[in-house]
Amino acid sequence: MSPGPSPAVLHERVLTWWDEHARPLPWREPGCSAWGVFVSEVMSQQTPIARVLPAWQAWTERWPTPADLAADSPGEAVRMWQRLGYPRRARRLWEAAAQMVERHDGQVPRTHEELLALPGVGAYTAAAVASFAFGDPQVVIDTNVRRVLVRAREGRAQAAPSLTTAESALAADSMPREVDDANTWNAAVMELGALVCTARSPGCDRCPLLDVCAWQRAGCPPYEGPVRRAQAWHGTDRQARGALLAVLRESAGPVAGSALEDAWSDAAQRGRALRGLVEDGLVEPVDGGYALPA
DNA sequence: CACGCGTGGTT
DNA sequence: TAACCAAGCGT
């Protein structure tokens, strides 16, 4: 079937590499709460760890439990999100905290199914929290895992644009059977993809799988497959939303409509972006202007 | 299922 | 410098 090494070989190599090279991130400390892990996973969705670290510190100090966050306003969550990007994640994290208070006795739920039901939590985040916070070895599949497995086991440069059932099966087949190893494996494969088996310029010379990697053995053939169109940015509604929300985040109180005109001059696009932000619960119209939601 | 959704560092 | 890339989610 696959030209790559057996799972047993992968486990030995990757788990040994993890012991020596895992970064000491605060949410990996034994004493970190499930809430701390949960916040770290949501913040890390599409955002580099270097930018997550200070925001995670600030959030968990200010809101040490789900109840602490739920007792504050969603607008404060949006403000504290700072410039992590995709601010809808902040609003959804606040809503998730509120649901934990209402339905889960103020705790992060422990099962994959309950986690998946929370706003802002998809298959990846539910599996990651179950595994990393609660030791339940769900199959964790993110972009790093997909890239490492596709290269090492199938000999291709990169995974398809979206997750396939074949990749899910490959990831499940790659899991160690023993529980502790499986949970460590989840973190270790991601870490290998983040630090060594990277998308742009992989550090194959320091990879623990160098001599068994199917992609390496095939001569590192380039990717052949459908290409995802690059995201537009300049002049998009998304850029407008970002500019408008930045003004509100940096203001202590409500902002007059005229101040938002300075942030984005095109009136039609400004109006469209503002309506979208209001729909998403990131902005509230108030008397004579706009504010973060109370 | 393809697309919209932020931001900033790297190449 | 424009394009690419980063622990995805919701519709």
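Note that the coordinates shown come from a computational prediction; the quantities given were computed from them, not determined experimentally. Letters A, B, ... are given to chains in the order of the sequence lines, protein chains preceding strands, and every chain is numbered from 1.
- Formation of a donor-acceptor pair under 3.5 Å by the A:Q107 side chain with backbone atoms of A:P109 is not found in this model.
- Between the CG atom of A:L244 and the P atom of B:dG6 there is a distance of 11 Å, rounded to whole Å.
- Between the OG1 atom of A:T16 and the NE2 atom of A:H11 there is a distance of 12.0 Å, given to the nearest 0.5 Å.
- C:dA6: Watson-Crick or G-U partner is B:dT7, with both key distances under 3.5 Å.
- A donor-acceptor contact under 3.5 Å is not formed by the side chain of A:R200 with the base of C:dC5.
- Within 4.0 Å (heavy atoms only), A:A50 reaches no atom of the nucleic acid at all.
- Mapped onto DNA chain B by nearest heavy atom, A:S162 and A:Y86 fall at different nucleotides, with A:S162 at the one closer to the 5' end.
- With rounding to the nearest 0.5 angstrom, the CG atom of A:D68 is 9.0 Å from the CH2 atom of A:W35.
- With hydrogens and angles ignored, no donor-acceptor pair under 3.5 angstrom links the side chain of A:S44 to the base of C:dG8.
- Between B:dG6 and A:R241, a contact under 4.0 Å exists linking OP1 or OP2 to a side-chain N or O.
- Residue A:L53 contributes atom CG, which lies 14 Å from atom P of C:dA7 at whole-angstrom precision.
- In terms of position along DNA chain C, the nucleotide closest to A:A199 lies nearer the 5' end than the nucleotide closest to the other residue of the pair A:L116 and A:A199.
- Residue A:R23 places no side-chain N or O under 4.0 Å from the OP1 or OP2 atom of C:dA7.
- A:R83 has its CZ atom 17 Å from the P atom of B:dC5, to the nearest Å.
- Rounding to the nearest 0.5 Å places CH2 of A:W17 at 5.0 Å from CD of A:E191.
- Residue A:W81 is out of contact with every strand shown, counting any heavy-atom pair closer than 4.0 Å.
- Taking atom CD of residue A:Q239 and atom P of nucleotide B:dC5, one finds them 12 Å apart after rounding to whole Å.
- If you take CG of A:L282 and P of B:dG6, they are 7 Å apart, rounded to a whole angstrom.
- Of the residues listed (A:Q138, A:Q45, A:E41), the one engaging A:Y124 in a side-chain hydrogen bond (donor to acceptor under 3.5 Å, both in side chains) is A:E41, and it is the only one.
- Here A:V121 lies in heavy-atom contact (under 4.0 Å) with sugar-phosphate atoms only.
- Contact annotation for A:T125: backbone-only contact, meaning every heavy-atom pair under 4.0 Å involves sugar-phosphate atoms and none involves a base.
- An OP1 or OP2 oxygen of B:dG6 is reached within less than 4.0 angstrom by no side-chain nitrogen or oxygen of A:R249.
- The side chain of A:Q46 places an N or O atom within less than 4.0 Å of a non-bridging phosphate oxygen (OP1 or OP2) of C:dG8.
- Taking atom CG of A:D142 as the reference point, atom P of C:dC5 lies 16 Å away to the nearest angstrom.
- Remark: P of B:dC5 and CG of A:D237 are 6 Å apart, rounded to the nearest angstrom.
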